[in-house]
2 protein chains.
Amino acid sequence: MLSIGKLSGLTGVKVPTIRYYEQIGLLPKPERNEGGQRIYDNTSRERLNFIRHARELGFPLDDIRELLALSDDPDQSCEAIDALAKRQLAEVEHRLVRLNALHKELERMIAQCTCGTVQTCRVIQVLGDHGLCEADHRTMTSHDIERECLT
Amino acid sequence: MLSIGKLSGLTGVKVPTIRYYEQIGLLPKPERNEGGQRIYDNTSRERLNFIRHARELGFPLDDIRELLALSDDPDQSCEAIDALAKRQLAEVEHRLVRLNALHKELERMIAQCTCGTVQTCRVIQVLGDHGLCEADHRTMTSHDIERECLT
DNA sequence: TCTTGAACCTCTAGTTACTAGAGGATGTAA
DNA sequence: TTACATCCTCTAGTAACTAGAGGTTCAAGA
């Protein structure tokens with residue numbers, strides 16, 4: 001029997017975040033004591049640990065919701081679970097490619113700066129003219145820029 | 001003299017995004033024709049290209065705002081600009097480290113899955129128990145998870 | 001000149017995964 | 001009993017846009 005604060009301490013998930021997960025239906029509504037405060041058991045703790053770990057691996061909450069639902073049916077094939085995991089892997093790989101390109105370009109830009117005045121600043125020049133780049137970081141659409149929030 | 005649509009086509013920035021940049025003061029308010037439609041010149045185009053390129057390199061809009069302000073004063077030292085670029089580089093590096101850890105762990109997890117039933121699914125097991133990980137992906141705080149949106 | 005369809009306008013609300021804060025109730029240790 | 005920590009609900013804010021409603025203007029063809 002755990003208060004929300006204890007649960008938070010045990011799982012590393014902040015108290016408001018736990019309430020948020022409950023609000024969006026990721027965690028079931030827990031029992032309450034006479035005063036109306038939430039009380040949790042070990043099942044909640046395990047579920048929250050699962051969520052936290054999946055979040056750490058970059059899974060979006062909607063995927064986690066699915067993973068939890070799928071894991072509730074132990075005799076089913078784990079194909080769907082694998083598919084979700086593979087999609088997440090692909091997403092991470094996509095982002096790695098892109099981040100590596102950014103990294104390279106940022107390093108190059110900074111290395112070339114002679115640190116004089118703004119007028120001759122290489123950083124400003126490069127930002128103003130993509131032609132000065134090695135051009136490999138433009139392998140993404142505007143959709144990619146948005147999607148950066150996903151992991 | 002460009003309509004917002006032409007400017008969009010030339011820069012690769014979507015029409016609503018251009019209006020959004022104007023709204024938040026990143027782009028100056030352009031002239032209007034008699035009908036009230038926006039008309040742009042090459043200065044706007046350059047500024048928008050600058051913004052787009054900086055966004056592609058992962059700079060947040062607030063940093064871009066600063067970069068633009070700094071670049072308007074050509075005789076100043078470019079120290080502040082360099083500092084922003086270096087901060088961005090550090091951010092990207094931080095994210096790369098983390099993404100690499102995620103990638104490794106996801107791959108390991110997927111490789112170990114024998115693709116049977118949910119009951120024996122390695123993916124579910126690992127997600128439920130961080131002890132089964134090689135533990136190197138937990139090198140971040142909850143603040144890091146949030147911050148993932150920054151690039 | 002008229003018409004039609006594309007492109008434009010403003011405004012509000014939605015997205016993700018939370019966090020912050022207000023204003024108040026409850027639990028616990030001295 | 002008295003602090004004080006912890007809990008409660010609720011609303012609003014974050015980044016960087018996107019989507020859609022409902023209406024106006026522009027440009028080209030008949």
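Chain A is the first sequence line, chain B the second, and so forth, proteins listed ahead of strands; every chain is numbered from 1.
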For [X], give me all partners under side-chain hydrogen bond (donor to acceptor under 3.5 Å, both in side chains), at least two apart in sequence or on another chain.
| X | value |
| --- | --- |
| Asn100(B) | none |
| Glu22(B) | Arg38(B) |
| Gln125(B) | Arg122(B) |
| Arg47(A) | none |

Heavy atoms of Gln88(B) and Pro60(B) approach each other most closely as OE1-CD, 3.9 Å
Please report the distance, rounded to the nearest Å, between [atom1] in [X] and [atom2] in [N].
| X | N | atom1 | atom2 | value |
| --- | --- | --- | --- | --- |
| Ile4(A) | dT9(D) | CD1 | C1' | 12 Å |
| Tyr20(A) | dT14(D) | OH | P | 17 Å |
| Leu48(B) | dA16(D) | CG | C1' | 15 Å |
| Leu61(A) | dT19(C) | CG | P | 11 Å |
| Lys14(B) | dA7(C) | NZ | C1' | 17 Å |
| Ile18(A) | dT19(C) | CD1 | P | 11 Å |
| Leu7(B) | dC9(C) | CG | C1' | 16 Å |
| Lys6(A) | dA5(D) | NZ | P | 15 Å |

Please confirm whether the shortest side-chain N or O distance from [X] to OP1 or OP2 of [N] is below 4.0 Å.
| X | N | value |
| --- | --- | --- |
| Thr17(B) | dA16(D) | no |
| Arg19(B) | dT10(C) | no |
| Ser3(A) | dC7(D) | yes |

Note: contacts of residues 21-46 of chain B with DNA chain C (heavy atom, under 4.0 Å) are Arg32(B), Gly36(B), Gln37(B), Arg38(B)
Contacts satisfying side chain to side chain donor-acceptor pair (under 3.5 Å) that involve residues 61-81 of chain B (not counting sequence neighbours) are Asp63(B)-Arg87(B)
Are any of the side-chain nitrogens in Glu105(B) or Arg108(B) under 4.0 Å away from the carboxylate oxygens of its partner? yes
